[in-house]
Amino acid sequence: MATKPLLTLERLTVRFGGLVAVHALDLVIHEGELVGLIGPNGAGKTTVFNLITGQYVPSEGRILFEGQPIQGWPPHRITALGIARTFQNIRLFGGLTVLDNVLVGLHVRRRASLASAFVPGRARRAEERAMRERAHTLLEAVGLAHLAGEPASSLPYGQQRRLEIARALATGPRLLLLDEPAAGMNPEEMRQLMAFILEIRRRFGLTILLIEHHMQMVMGICQRITVLDHGVAIATGTPEEIQRDPKVIAAYLGEEPAA
Ligand SMILES: Nc1ncnc2c1ncn2[C@@H]1O[C@H](COP(=O)(O)OP(=O)(O)OP(=O)(O)O)[C@@H](O)[C@H]1O
C-alpha cells in the first residue's frame, strides 16, 4: 500500500490475572483506511480499543501512532495526539444539550494546549464564540444542527449515536475508533449509518477502525478486516477473503453472526 502506517500494533498483549484478553496482536492501519475488527463475544475487541486509547496499559508489545510509541501514555495525551473513540453503550451527558455535548469535545482539545489557560478575558470570549461556531458546524455535518438546544437524552437512539460521533470528531481526531455503532439499529438505520460513516471519513479525512457485529455493515464498508478469537488474530483480509476463511467460519460456529 502506498500510504504510510498511521497506527501499528506490535505483539500487543494484555493479561487480566490468568486471562490473556489480547495475545500478541499485530495490526497495521494505513492513513485513510477503514478497517474492521470482528470476532465472537468476548474475543477482546473492546479491550483492543481500551489499549489504543490508554484506558488499559499493555502487558507486552507496542502501539505506534505515526511511528511514535504511545503505549503507557495517559488517555488525554492520546486524545490530544488525534485518536478518538465512541463506546459500545452510548456515553453522552444526557442532561446537557446536544450543542453542549459537542462543546465538551472541543474543550477537551483546547485543554490539551497549555497556552490557552493564559488567554486574557476578551480573547477567551472570542475563543468561546469560535468554539460554538465550530460546534454548530460539526452538528451540521452530522445532521443534528436543528436539535442543538435539545437535551441529548431526548434524541432517538440513531441520533444519539451521531451525536456521540460528533463529540468524538470535536477532539480533532485523525484516527476514529467506533465500537459497535450499529448496535440496536434496524436495517434502515444501519444503511443510513453506513453512508454516514463513509461521508464523515471523506469529509474529515479520517482513518477508521470499526468494531461491529452486523456482518452486512462490516462487509459493506470495510476495506480490510481482522478477526479476533480468544484474544488472537486468526485472520486478516478483504471482506471476500474473510467470509471464505475456514478458521473464521469455525470461530463463529455456535454463535450466529448478526445478519
Ligand atoms: N478490566 C478487565 N478486567 C478483567 N477482565 C477483563 C477486563 N476487560 C476485559 N476483560 C475480559 O477480556 C475479555 C475480552 O473482553 P472484550 O470486552 O474486549 O470482548 P469483546 O470482543 O469486545 O466482546 P463483545 O463483542 O461481547 O463486546 C473478556 O473475557 C472480558 O471479560
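Ligands are counted one by one from 1 in listed order, and the atoms in each one are counted from 1 as well. Model, not experiment: these values are computed from the prediction.
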Nearest to [atom], what protein heavy atom do you find, and at what distance?
atom: atom 25 (O) of ligand 1; value: Lys45 NZ, 2.7 Å
atom: atom 13 (C) of ligand 1; value: Gly42 O, 3.8 Å
atom: atom 17 (O) of ligand 1; value: Thr46 CB, 3.8 Å
atom: atom 6 (C) of ligand 1; value: Phe16 CD1, 3.4 Å
atom: atom 15 (O) of ligand 1; value: Thr47 OG1, 3.6 Å
atom: atom 11 (C) of ligand 1; value: Leu19 CD2, 3.5 Å
atom: atom 26 (O) of ligand 1; value: Asn41 ND2, 2.9 Å
atom: atom 27 (O) of ligand 1; value: Gln88 NE2, 3.1 Å

Heavy-atom pair with the smallest gap, counting every atom of Val102 and Ala166: CG2-CB, 4.1 Å
Could you report the tightest heavy-atom contact between Gln71 and Gly61, atom names first, then the distance? CG-O, 4.0 Å
Have a look at Gly44, Gly39, Gly17 and point out the one with the heavy atom closest to atom 19 (O) of ligand 1. Gly44
Do other residues, nucleotides or ligands put more than 12 heavy atoms under 6.0 Å from the CZ atom of Arg132? no
Considering residues, nucleotides and ligands other than Asn89, do more than 12 of their heavy atoms fall under 6.0 Å from its CG? no
Would you say atom 21 (O) of ligand 1 makes contact with the protein, given that contact here means a non-hydrogen protein atom less than 4.0 Å away? yes
With heavy-atom distances below 4.0 Å as the criterion, list the atoms of ligand 1 near Tyr56. 1 (N), 2 (C), 7 (C), 8 (N)
Ligand 1 to Ala21, heavy atom cutoff 4.0 Å, flagged ligand atoms 12 (O)
Nearest 0.5 angstrom please: Leu25 CG to Ile63 CD1, how far? 9.5 Å
